[in-house]
Amino acid sequence: MAIELKMPALSPTMEEGTLARWLKVEGDTIEPGDIIAEIETDKATMEFEAIDDGVLSKILVAEGTENVAVGTVIAHMEGEGAEEGPTPAPTPAPAAAPASKPTPMPTASAPAPVVRANDPAIPEGTSFTPTTVREALRDGMAEEMRADPRVFVMGEEVAEYEGAYKVTQGLLDEFGPKRVIDTPITEYGFAGIGSGAAMGGLRPIVEFMTFNFAMQAIDHVINSAAKTNYMSGGQMRCPIVFRGPNGAASRVGAQHSQNYGPWYASVPGLIVIAPFDASDAKGLMKAAIRSEDPVVFLENELVYGRTFDVPDLDDHILPIGKARIMREGKDATIVSYSIGVGLALEAAETLAAEGIDAEVIDLRTLRPLDKEAVLKSLAKTNRLVIAEEGWPTCSIASEITSICMEEGFDDLDAPVTRVCNEDVPLPYADNLEKLALIDAPRIVEAVKKVCYV
Amino acid sequence: MAKKPAAKPASRAKKAAKPALSAPSDDTDFILHSLQEEFEKKKRFAASDEQMLEFYKQMLLIRRFEEKAGQLYGLGLIGGFCHLYIGQEAVAIGLQSALDGDRDSVITGYRDHGHMLAYGIDPKVIMAELTGREAGISKGKGGSMHMFSTEHKFYGGHGIVGAQVALGGGLALAHQYNEDGGLCLAYFGDGAANQGQVYETFNMAALWNLPIVFVVEDNQYAMGTASSRSSAETRFHRRGTAFRIPGMEVNGMDVLEVRAAAEVAFKHVREGKGPVLMECNTYRYRGHSMSDPAKYRTREEVQEQREQHDPIERLKKALMEGGHDEADLKTIDKDIRKVVTEAADFSESSPEPNPNELYTDVLVGEY
Ligand SMILES: Cc1ncc(C[n+]2csc(CCOP(=O)(O)OP(=O)(O)O)c2C)c(N)n1
Ligand SMILES: [Mg+2]
């Protein structure tokens with residue numbers, strides 16, 4: 001019987017890939033475990049392995065073909081016949097695979113809004129280049145490494161592997177192993193070594209493979225890095241950047257899906273940055289590296305691959321502690337940061353179609369928080385919703401609410417409202433995960449509520 | 001290079017002043033190498049034909065199950081991270097076949113499907129967890145990396161590298177505290193072996209004489225990092241030396257060798273002599289998880305391991321030498337494939353969890 005071989009998914013967010021190489025030719029006999037082909041994405045290579053006995057009867061997608069959608073039939077195989085019984089291999093109906101594929105978070109594939117025009121930090125007449133957030137972060141680090149020999153990067157898989165999420169791509173090639181250092185899986189140890197190196201006059205960038213693993217190291221981030229300047233009466237500094245992806249990815253479960261923004265933002269002595277788009281990622285990364293203070297720089301895996309305009313400036317550096325108006329509006333304010341900004345913009349579009357003109361503010365820095373920007377917008381719209389991909393309790397949303405109560409009470413026409421993830425550990429199941437995470441419709445609903453429509 | 005700890009006269013003299021642990025001779029480091037010596041005397045478990053067949057079936061079940069999981073992942077039915085155990089089957093089977101199922105506990109990291117199958121847990125509920133369905137062993141809430149079966153005293157299934165070692169120490173403390181006669185088997189990787197909490201646990205386990213066997217599954221890589229690039233001492237069984245924990249070095253590609261080592265280690269622990277550190281040298285054939293750049297090792301290296309050291313092929317050869325013919329073994333394979341296919345079908349047709357499950361199991365009590 002004929003078996004259809006389909007383009008496999010290598011990761012939950014993969015939608016297409018390159019069929020790099022066929023390792024078998026038509027007519028070859030195939031045994032289970034034989035490698036039939038090599039599939040590639042920008043992040044990974046996978047050997048496509050046979051599950052069944054049979055003969056490769058027809059190759060449908062030539063090697064070297066790019067952008068092959070997951071689920072595409074790439075070859076036919078003739079099964080070994082009755083002896084093996086019905087072959088369980090990729091028998092589902094052609095449509096079944098793509099349909100049952102877990103869809104990435106709603107934002108992952110949303111079109112990138114281009115909204116640089118209203119950024120006061122970028123001079124009039126600047127040209128822009130579309131860049132992914134991943135590249136922008138790398139470019140920011142590379143520029144600072146070129147400019148300052150004290151800057152170096154360390155972390156798990158940052159050098160030879162070029163980063164688990166490929167953020168440090170090319171850095172080892174350019175800067176060599178002295179400045180791009182692979183560490184063992186010892187977060188507590190290398191966060192301490194990084195902090196000590198900063199105290200000793202270097203400018204370390206410590207990558208955590210994800211911030212979930214920084215919990216092993218949080219003692220050094222807080223007790224060693226954040227408090228030293230104060231305790232030494234300003235003598236001893238700790239200029240270090242702790243960076244890595246933060247927040248939920250796609251179906252990686254409770255231990256790998258947490259937003260630490262509120263945790264770090266509660267600590268005096270730390271700078272906490274959580275950019276959304278590529279321009280901010282680059283400009284704030286450069287600012288973080290140059291800062292004399294310890295910085296926690298929270299990225300987001302689901303945003304790494306998104307493309308945004310980055311200004312063509314020799315030294316694109318942005319101010320720490322300044323929010324940005326992503327979309328101007330007059331009816332209600334949506335405050336957000338990181339991946340939530342994309343959702344807020346999406347919600348604003350939906351609301352606009354329904355006649356509600358929402359202003360969207362990207363906090364960009366969580367500590368120090370740009371209170372003025374929030375209060376100014378509140379004074380204009382008199383209604384405010386905070387959209388946060390994270391738990392609601394003791395959140396950035398709670399903090400903003402408190403600021404609005406204490407300093408913006410007279411401007412409020414409706415209760416400040418939080419839209420956050422559900423207050424549960426993140427479940428693995430596709431349907432439950434979707435239910436647990438913030439999305440644009442929930443923001444739309446909250447804005448309507450504060451507008452009393 | 002390979003200096004035996006006992007060969008250092010200075011340290012020996014110093015140690016002699018302290019009360020020796022359990023040295024039958026004046027070799028105060030006897031404890032550190034005694035188990036290896038015991039193991040070397042009879043390195044392969046003398047399995048009956050029946051036992052060999054059982055090991056074969058169990059290893060093959062893991063292999064086929066994992067191949068199927070890889071396939072379901074490719075079809076998008078499994079999401080997130082999924083770490084396959086292909087190549088390492090002999091470790092879980094060799095060790096867990098020697099456990100006392102009523103008393104002993106097991107804990108491991110995220111590469112956990114094999115350890116669960118070794119218990120004979122229904123492949124259906126494991127596969128359904130991988131697809132995130134209601135019938136999954138964690139009701140679909142945990143996924144591949146977070147599976148547990150308290151019924152079998154299998155305590156996970158942990159996503160944070162190294163965490164299971166300290167937790168295993170705690171399970172061992174509970175065995176000791178309850179005087180239940182059980183021991184804990186705590187598995188971790190060559191990469192995990194560098195986490196600080198591993199050594200904190202070694203110290204307490206040795207200090208308190210806890211009933212625990214620490215097993216380093218050295219599959220030579222932690223993601224894309226070869227152990228020699230991350231570990232100053234890659235002979236992991238020696239890393240207990242500073243804590244007076246005896247080490248054992250075992251070929252993890254031979255189920256009979258692993259089983260023989262397990263017997264020696266478990267006996268030592270059950271006699272109340274404290275923890276053992278066992279290094280099982282093995283190899284993972286597949287990528288670290290499904291997404292793997294595959295650039296840190298050569299295809300030839302993987303091929304060499306598969307062709308020369310495969311644990312299933314090795315046992316198959318032994319079975320055939322013992323009188324089983326190819327057809328017999330093919331029938332076993334066919335039956336196992338059927339079980340795995342049924343598990344896959346079940347995992348696809350089982351419904352997704354009920355939406356209200358989102359809020360259950362957060363806390364036990366109501367407040
Ligand atoms: C504390 C922590 N740091 C990093 C990771 C990411 N990570 C997951 S598995 C892994 C490699 C572990 O390798 P090893 O211990 O050798 O086990 P193997 O995967 O080879 O079984 C890493 C770095 C993690 N899950 N937890
Ligand atoms: Mg390993």
Side-chain angles (χ1 to χ4, degrees), chain A residues 6 8-12 14 32-33 35 41 43-49 51 70-71 84-85 88-90 92 96-98 100-102 156-157 160-161 164 182-189 212-213 215-216 249-256 422-425 427-432 435-436, chain B residues 67-68 70-71 73-77 79-81 129 132-134 136 138-146 158-162 191-192 194-197 222-225 229-231 286-287 290-296 299 306 334 337-338 340-341 344-345 348 352-353 355 357-359 362:
Chain A
K6 287 184 186 151
L10 277 66
S11 72
M14 172 177 166
I35 298 153
T41 63
K43 280 199 310 200
T45 306
M46 191 176 83
E47 294 179 334
F48 186 39
E49 196 165 305
I51 304 292
V70 168
E84 285 302 307
S100 55
K101 193 180 165 288
E156 293 158 24
E157 308 285 3
E160 293 194 12
Y161 201 92
D182 276 327
T183 64
I185 310 170
T186 52
E187 289 84 4
Y188 187 36
N212 303 286
F213 315 141
M215 284 230 266
Q216 306 276 317
S250 174
R251 297 193 63 196
V252 292
Q255 291 186 326
H256 283 67
E422 291 302 302
D423 202 8
V424 298
Y428 165 74
D430 194 29
N431 65 330
L432 296 185
L435 289 171
Chain B
E67 286 168 351
K68 181 60 81 182
Q71 191 189 18
Y73 195 97
L75 292 172
L77 288 159
F81 293 132
E129 189 59 37
R133 304 303 169 97
E134 183 180 66
S138 299
K139 300 185 201 160
K141 294 176 170 183
S144 162
M145 300 191 286
H146 312 115
H158 296 267
I160 300 301
V161 165
N194 292 317
Q195 285 286 33
Q197 59 179 311
M223 289 187 70
T225 304
R229 291 209 304 114
S230 67
S231 295
R286 295 291 188 100
M290 299 308 296
S291 177
D292 185 290
K295 301 244 157 73
Y296 51 85
R299 168 162 306 124
R306 280 186 137 126
K334 221 168 131 179
R337 280 171 187 275
K338 191 160 162 269
V340 167
T341 304
D345 291 346
E348 283 178 51
E352 290 191 309
E357 282 291 340
L358 185 58
Y359 308 99
V362 178

Quick one: which of B/E134, B/H158, B/K139, B/K141 has the most heavy-atom pairs under 4.5 Å with chain A, could you say? B/K141
How far apart are the C-alpha atoms of B/H146 and A/Q255, what are their side-chain angles, what is the distance that settles it, and do they pass the side chain to side chain contact (heavy atoms under 4.5 Å, CB included) test? CA-CA 9 Å; B/H146 312 115; A/Q255 291 186 326; 3.1 Å; yes
Assert top hit (heavy-atom pairs under 4.5 Å, partner chain A, pool B/G136, B/A344, B/G287, B/G143) equals B/G143
Heavy-atom side-chain proximity of B/S230 to A/D182 below 4.5 angstrom: no
If the test is side-chain contact (heavy atoms from CB on, under 4.5 Å), which one of A/L435, A/N431, A/D430 qualifies with B/P353? A/N431
Which distance, rounded to the nearest 0.5 Å, do you find between the CZ of B/R306 and the CD1 of A/I35? 5.0 Å
With a 4.5 angstrom heavy-atom cut-off, which part of A/Q216 approaches chain B: side chain, backbone, both or neither? side chain
Where does B/M223 contact chain A at under 4.5 Å (heavy atoms): side chain, backbone, both or neither? both
At a heavy-atom distance under 4.5 Å, which candidate from B/Q197, B/E129, B/R229, B/K338 has the highest pair count against chain A? B/R229
Out of A/I185, A/D423, A/T186, which one racks up the most heavy-atom pairs below 4.5 Å with chain B? A/I185
Within the distance-only criterion (no hydrogens, no angle test), does the side chain of B/Y73 pair as donor or acceptor with the backbone N or O of A/P8 below 3.5 angstrom? no
Does the A/E157 side chain pair with the main chain of B/G224, one donor and one acceptor, at a distance under 3.5 Å? yes
Please evaluate residues B/Y359 and A/V424 with respect to the criterion side chain to side chain contact (heavy atoms under 4.5 Å, CB included), reporting the C-alpha separation (whole Å), side-chain torsions for both, the decisive distance (0.1 Å), and the verdict. CA-CA 7 Å; B/Y359 308 99; A/V424 298; 3.9 Å; yes
Looking at CD of B/Q71 and CZ of A/F48, how far apart are the two atoms once the value is rounded to the nearest 0.5 Å? 8.0 Å
